[in-house]
Amino acid sequence: MPLQVHDTRRRQKVDFSTMEPSKVKMYVCGVTVYDLCHLGHARCYIAFDLIHRWLEYSGYDVLYVQNFTDIDDKIIARSNESGIDWKNIVEDNIEAYYADMDMLNILRADIYPRCTEYVEEMVAITESLIEKGHAYIADDGVWFHIESAPEKYGLLTGQNIEAVRSGAGGRVAESGKRDHKDFALWKAAKPGEPTWESPWGAGRPGWHIECTAMSMDHLGEQFDIHGGGQDLLFPHHEAEIFQGECYSGCSPVVHHWLHNGFVNMDGEKMSKSLGNFWTIRDICEKVDPLVLRFALINAHYRSPIDMNEQLLHDAGRNHGRLLEVYKQALESMTENPVPLPQGDVSSPIPVVKSLGMLEKMAQGFALAMDDDFNSREAVAKVLGGIREIGKVFNSEMEADDMAAFANHAVEWVEEFAGSVLGLLPQRDEILSKKVDPRREEIREQVEELLLKRADARASKDWPAADSIRDQLNELGVSVVDTAEGPEWHFM
RNA sequence: GCACGGAUGACAGAGCGGCUAUGUGCGGGACUGCAGAUCCUGAUACCCGAGUUCAAAUCUCGGUCCGUGCUCCA
């Protein structure tokens, strides 16, 4: 089964093909660096990280370009409000961006172009568009003229130009554009703004031309994947189609348009005015970043996702179970594993059956990911595999076989949950159970209480045992009795 | 108004012509002094109407309801 992806332009799943065999050229619209990243950004870049990882896993050599928009109205506004130089705002937020993405275990793109470094290219494209009659010069800049290529209108959103045309009248506000549908390629300088030189005087580029210039510079006039959030469909990506196709003469410039869905909060659209606006940092103070990642890939990338307590709770549990089994496997590994039998789901021997189940889950995982990156289904397969592995660990087995199985389990988990889904921390992080200073602080006290509780339990003095547990709870510690004795951790 | 996408069990959310999705929650059982964790196991479903088919949650047509976009936004 070949990889299928949903192409927004064709509005259906299509067989994925690349221009060059086994090479993928992918561009994803990056952030405007005027502030910290929020949950919506996390979702978008995790979605494309997963796509990136799966393509690499499938044997493609991926050239991944993701830009920074480092000049625009909001950055200028932020600078004016705060008195901080816009360049500092940009640098700070780019640094924060990398930190946040690293925290979420998002692999780096190959190139992070910043649009201010491509002004020359943007000017060249704009000049060419003017020559070709697709753009015109006005007092306040250069505008792309939509009516010069009406057949390209609504290619992504399906909006009909006739309808817009009829209702449009002559409303063009106080700008130099001839038609309200036209969009800016170049904005003439306004007082107090950073500017660049151009044949049309000082000014700065329009938003849409940036992505066209940067994607073409790095990926050529045609490339395989262009991604971004669904909110970029209109007008940004449609503008890119106008610019790119009219400039290059290629149609399509982008072979596959991929768009991720929104993040809602408790059923409502996330927005600053509703006060339900979360930055990645806010939420990672409450939950482990990998749990957030789990929650966000536990939905198909095109579906809207509703962020709420239960989603995070579910994610936390499942992620915890994954790590627990992974840890158990790591601890049981051996240097010299004995050979394991061939897996077979119909075998009556548990370990043989489980090995077969793992193979089956792996196949299901691949099918799911090949089906337009269905990470939800893929996660279900990983959880299924985890359950099989857990079963084997709980069964009676020869020590050698168990150790060899553990090696196999580690490999399986690292392959799917680790390298593809990006849900695992480093091995040593799991094994060395990071020494928590808080834990060390109260360790003696807790252990003393646990000893007392053990005595109470031995003499079946349940009220005393429970009152000690209450005391521990007051310290913020919860106790769980296991086969190996009581364990404690912070609540 | 125009455009796009949805409606699946208590909840979240896959499947998209025949085969247990999955997870949380809930019921029963094992293990536990209790609780928790873990394991086994059970119940509950495909918006409405018509059609196509041996067979439809899955395809077609018609309804109803919901979300999103048409202004900066991942």
Side-chain angles (χ1 to χ4, degrees), chain A residues 8 11 13 28-32 34-35 37-48 66 69 72-74 77 154 156-164 166-167 173 180-181 183 207 227-236 238 259-264 267-272 277 294-295 298-321 324-325 364 368 371 374-384 387 390-391 393-395 456-463 465-466 469-470 473 478-483 486-487 489 491:
Chain A
T8 310
R11 277 172 221 160
K13 284 186 199 168
V28 174
C29 286
V31 286
T32 300
Y34 72 100
D35 206 346
C37 288
H38 58 249
L39 265 181
H41 296 113
R43 152 87 129 160
C44 175
Y45 301 114
I46 285 174
F48 286 99
Q66 191 195 304
T69 295
D72 98 325
D73 293 344
K74 281 185 194 151
L156 295 179
T157 56
Q159 307 205 73
N160 183 282
I161 197 168
E162 296 303 330
V164 182
S166 54
H180 79 113
K181 298 189 292 298
F183 58 86
W207 175 38
Q230 267 167 10
D231 47 350
L232 297 183
L233 240 34
F234 187 93
H236 188 234
E238 293 217 340
H259 294 276
N260 65 277
F262 291 114
V263 178
N264 296 132
E268 284 186 305
K269 190 183 170 175
M270 187 170 77
S271 80
K272 281 185 178 166
F277 192 90
F294 189 107
N298 203 203
H300 187 95
Y301 76 92
R302 280 189 287 118
S303 322
I305 191 167
D306 190 46
M307 183 52 62
N308 55 48
E309 284 290 328
Q310 209 205 341
L311 186 76
L312 289 171
H313 171 253
D314 286 7
R317 282 184 72 104
N318 286 136
H319 186 69
R321 189 172 307 165
E324 209 170 295
V325 168
D371 181 15
N374 190 340
S375 55
R376 170 90 195 183
E377 178 83 8
V379 166
K381 297 299 174 192
V382 165
L383 293 177
R387 196 172 28 193
K391 258 191 224 171
F393 284 148
N394 284 329
S395 66
R457 292 182 75 208
S459 51
K460 300 199 192 261
D461 184 356
W462 310 129
D466 288 344
R469 186 158 59 192
D470 290 344
N473 286 166
S478 72
V479 181
V480 177
D481 294 315
T482 71
E487 279 180 13
H489 27 256
M491 293 190 285

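- Taking A:Arg469 as the reference, A:Asp466 meet the salt bridge (Lys or Arg N to Asp or Glu O under 4.0 Å) condition, with sequence neighbours excluded.
- Base engagement by A:Val263 is indicated by at least one non-hydrogen atom pair under 4.0 Å involving a base atom.
- Atom name P, nucleotides B:G9 and B:A14: the rounded distance is 13 Å, in whole Å.
- Both A:Thr157 and A:Leu383 lie close to RNA chain B; mapped to their nearest nucleotides by heavy-atom distance, the more 5′-ward contact belongs to A:Thr157.
- Taking the C1' atom of each, B:A57 and B:A74 are spaced 33 Å apart, rounded to whole Å.
- Partners of A:Asp306 by salt bridge (Lys or Arg N to Asp or Glu O under 4.0 Å), not counting sequence neighbours: none found.
- A:Gly229 comes within contact range of the sugar-phosphate backbone alone, with a heavy-atom separation under 4.0 Å but no base atom that close.
- For the pair A:Leu156 CG and B:G5 P, the interatomic distance rounds to 12 Å; values are reported in whole Å.
- For RNA chain B, if you chain together Watson-Crick or G-U pairs that step i with j, i+1 with j-1 and so on, the runs of at least three with distances under 3.5 Å are B:1-7 with B:64-70, B:10-12 with B:22-24, B:26-30 with B:38-42, B:47-51 with B:59-63.
- For the C1' atoms, the distance linking B:U8 with B:G15 amounts to 10 Å, nearest Å.
- Taking atom C1' on both nucleotides, B:C31 is separated from B:C19 by 35 Å, rounded to a whole Å.
- One P atom belongs to B:U32, the other to B:A21, and the distance between them is 34 Å to the nearest Å.
- A straight line from CG of A:Leu233 to P of B:A74 spans 14 Å, rounded to a whole angstrom.
- One P atom belongs to B:C11, the other to B:C70, and the distance between them is 31 Å to the nearest Å.
- Spacing between B:U20 and B:C66 at atom P, rounded to whole Å, works out to 36 Å.
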- [ ] Using a 4.0 Å cut-off on protein heavy atoms (strictly under), produce a 5'-to-3' string for nucleotides 31-44 of chain B with B for base contact, S for backbone-only sugar-phosphate contact, and - for none.
- [x] --BBBBSS-S----
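- Looking at heavy atoms from C-beta onward, A:Val31 lies out of side-chain contact with A:Gln66 at the 4.5 angstrom threshold.
- Remark: P of B:A74 and CG of A:Leu39 are 13 Å apart, rounded to the nearest angstrom.
- Computed from coordinates, the A:Gln159 CD to B:C4 C1' distance equals 9 Å when rounded to whole Å.
- Applying the ring-ring contact (aromatic ring centres under 6.0 Å, His included) rule to A:Phe183 yields the partners A:Phe144, A:His208; only residues at least two apart in sequence or on another chain are considered.
- With P as the reference atom, B:A55 and B:G6 are 27 Å apart, rounded to whole Å.
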Open item on the list: One character per nucleotide, please: for nucleotides 12-19 of chain B, 5' to 3', B when the base has a protein heavy atom closer than 4.0 Å, S when only the sugar-phosphate does, - otherwise.
Closed with: BSSS----
